[in-house]
Amino acid sequence: MVVSYKSSYTVKPAEPTWTGSLSLSEWDQIGSITHVLTIYFYQSSQKLLIDTVITTLKDSLSRALVHFYPLAGRLRWKGHGRLELVCNAAGVQFIEAESQSKLDSFGDFSPSPEYDFLIPSVDYTIPIQELPLLIVQVTKFQCGGISLGFTISHAVVDGQGALHFILEWARIARGEALAVPPIIDRKLLRAGDPPVLSGPNLDHKEFNHPPLLIGQTNNIEERKKKTTVAMLKLTKSQVDKLKNMATNKSLNTGRPYSRYETIAGHIWRCACKARDHKPEQPTALAVCVDSRSRLQPPLPPGYFGNATLDVIAVSSSGELISKPLGYAASKIRKAITTVNDEYVRSGIEFLKSQADLTKFQDLHALRGDDGPFYGNPNVEVVSWLTLPIYGLDFGWGREVYMGPGTHREFDGGSLLLPSHDDHEDGSLVVALCLQVSHMEAFKNHFYQDII
């Protein structure tokens, strides 16, 4: 694909905004602190005139940044692996591009290397205090359709917060009022406060590095191995079949396992099979849990920051493979149910007491090897199943496709999305990254019992 970059603008808030340093919460500063990539495609229509589109997007973005002003700021290292957010209205980057390709050439829109030209890249060799927190690229195709590529800093906001911003930006572009104002107050998660010495002391296994392959003392070689991405589709009937397999009434499992518990357990077991582990191989599955409604009191609607945290389920490959799917699902459920108010606040206190946060940060994009690695023998399953990722309308109708960018190209990373065309009936897609040598075996195991 040939993409011509026509213009690049700095878009700043349309009105003066608060300036100063904003403390980040502990959840903002661990895990992935780089940028998350997503893309939307729109078919040609009478409303999709590129000059009008560019003007509308830039003008509405400038007005949206008045409310979501942290995105117009910059991050700054404070030392010891800690960051702060400088609200200085430096602005976000807006790129205008065009391509001679047509939307039809993308087929089913599965992620491909061509996406690299449609979603803005971030040069992490540049000092972090110079990097925009939001970069947007609008690409016009020969057929008259367009793509919108978004790159948003995960250190500033999680998936729910990012979608909150994008949806409100679209409302402003359509001439509507803000639906839910953002809550910028990070003090709700004790950002900037000193540790409480007498706080709860719970066991946070997720802060330990996950298991290594038996016989290895580090994961350096596993990190180097070539990976590939697959988009694996599951129909509603296939999802239901897996749920029935997981929820075995004879074992008195209680309420049926959720789609997430079921599919995540299935991914975990299939990965162990595809990787041909020894039965005694320890393996962990990382679960991303939204704590907003689990806190007491719950965070207010519109909380704009990171309120998700990872917890882990641990087992051995032999147990996962030899026991029914419900065993893996039960391990995942147990990990999720640990997340309550006490657990979240205990995690905050633990992180506050650490001299340096670097070892808790996912620095793959920065080419670092210090952070947690959920590749072989481990997996990570992130869910977008309940997020409002579809129906983004800036005034010219909803998208024909939305998805992750090239998806994180790191072994073991996976993402659950509702199927774009059939999401209302319960169909879904697993975006999965595995080592090339394991992917075909994984696909065979994934579909073996549900075709």
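We number each residue from 1, following the sequence as shown.
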Self-check item: Name of the residue among Leu351, Asp193, Leu189 meeting side-chain contact (heavy atoms from CB on, under 4.5 Å) with Ser25
Solution: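 So, applying the side-chain contact (heavy atoms from CB on, under 4.5 Å) to Ser25 and each of Leu351, Asp193, Leu189, only Leu189 qualifies.
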Are there over 12 heavy-atom neighbours, none belonging to [X], within less than 6.0 Å of that residue's [atom1]?
X: Lys352; atom1: NZ; result: yes
X: Lys187; atom1: NZ; result: yes
X: Lys225; atom1: NZ; result: yes

Quiz prompt | From CA spacing to verdict: side chain to side chain contact (heavy atoms under 4.5 Å, CB included), Gln435, Glu222 | solution = CA-CA 9 Å; Gln435 292 175 15; Glu222 292 303 306; 2.7 Å; yes
Please confirm whether the backbone N or O of [Y] pairs with a side-chain atom of [X], one donor and one acceptor, at under 3.5 Å?
X: His154; Y: Gly31; answer: no
X: Asn378; Y: Pro210; answer: no
X: Thr56; Y: Val53; answer: no
X: Gln361; Y: Gly81; answer: yes
X: Tyr390; Y: Pro418; answer: yes
X: Asp393; Y: Ala170; answer: no
X: Thr283; Y: Pro377; answer: yes
X: Ser353; Y: Phe350; answer: yes
X: Asp411; Y: Asn376; answer: yes
X: Arg345; Y: Leu295; answer: no

Can you give me the closest heavy-atom contact between [X] and [Y], atom names plus distance?
X: His67; Y: Ile184; value: O-CD1, 4.2 Å
X: Leu434; Y: Gly412; value: CD2-N, 4.1 Å
X: Cys87; Y: Pro70; value: SG-CA, 4.3 Å
X: Trp27; Y: Thr308; value: CB-O, 4.1 Å
X: Leu65; Y: Thr17; value: O-CG2, 4.2 Å
X: Val239; Y: Gly426; value: CG2-O, 4.1 Å

Exercise. Determine, stepwise, if the pair Tyr5 / Gln137 fulfils side chain to side chain donor-acceptor pair (under 3.5 Å).
Key: CA-CA 9 Å; Tyr5 298 96; Gln137 180 176 322; 4.5 Å; no
Self-check item: Name of the residue among Gln29, Arg74, Lys78, Arg76 meeting side-chain hydrogen bond (donor to acceptor under 3.5 Å, both in side chains) with Glu84
Solution: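 With Glu84 as partner, Gln29, Arg74, Lys78, Arg76 yield a single side-chain hydrogen bond (donor to acceptor under 3.5 Å, both in side chains), made by Arg76.
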So [Y] and [X], do their side chains get closer than 4.5 Å, heavy atoms only?
X: Tyr69; Y: Thr19; value: no
X: Gln93; Y: Ser8; value: yes
X: Leu133; Y: Val92; value: no
X: Arg292; Y: Gln160; value: yes
X: Gln354; Y: Glu26; value: no
X: Asp108; Y: Met231; value: no
X: Ile183; Y: Leu188; value: yes
X: Tyr257; Y: Ser330; value: yes

To the nearest 0.5 angstrom, please state how far the [atom1] atom of [X] sits from the [atom2] atom of [Y].
X: Lys236; Y: Leu428; atom1: NZ; atom2: CG; value: 11.0 Å
X: Ile389; Y: Trp384; atom1: CD1; atom2: CH2; value: 6.5 Å
X: Ile166; Y: Arg171; atom1: CD1; atom2: CZ; value: 15.0 Å
X: Thr227; Y: Leu432; atom1: OG1; atom2: CG; value: 10.0 Å
X: Ser121; Y: Leu37; atom1: OG; atom2: CG; value: 8.5 Å
X: Ser258; Y: Leu385; atom1: OG; atom2: CG; value: 9.0 Å

Practice problem: Describe, in one word, how the ring planes of His35 and Tyr124 are oriented to each other, choosing from parallel (under 30°), tilted (30 to 60°) and perpendicular (over 60°). | Solution: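 Ring orientation, 0 to 90° scale: tilted.
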Quiz item: Hey, what's the ring geometry for Phe41 with Tyr115, parallel, tilted or perpendicular (30° and 60° as the breaks)?
Solution: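 Tilted: the ring planes of Phe41 and Tyr115 meet at 30° to 60°.
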Exercise. Check step by step if side chain to side chain contact (heavy atoms under 4.5 Å, CB included) holds for Leu85 and Leu75.
Key: CA-CA 5 Å; Leu85 178 55; Leu75 292 171; 4.1 Å; yes
Practice problem: For this output row, return yes or no: ring centroids of His204 and Tyr343 closer than 6.0 angstrom. | Solution: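 Yes, they do, as the ring centres are separated by less than 6.0 Å.
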Quiz item: Can the ring centroids of Phe446 and His266 be said to lie less than 6.0 angstrom from one another?
Solution: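 Close enough - the centres of the two rings lie under 6.0 Å apart.
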Practice problem: Apply side chain to side chain contact (heavy atoms under 4.5 Å, CB included) to Ile267 and Leu416, showing your working. | Solution: CA-CA 11 Å; Ile267 292 170; Leu416 306 188; 3.9 Å; yes
Practice problem: Determine, stepwise, if the pair Ile152 / Leu71 fulfils side chain to side chain contact (heavy atoms under 4.5 Å, CB included). | Solution: CA-CA 8 Å; Ile152 302 180; Leu71 284 175; 4.2 Å; yes
Quiz item: Would you call Asp28 and Arg186 a salt bridge, taking side-chain N to carboxylate O under 4.0 Å as the test?
Solution: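 Yes.
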Quiz item: Which pairs pass ring pair (Phe, Tyr, Trp, His ring centres under 6.0 Å) with one or both residues in residues 168-190, sequence neighbours excluded?
Solution: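 For residues 168-190: Phe150-Trp169, Phe165-Trp169, Trp169-Phe394.
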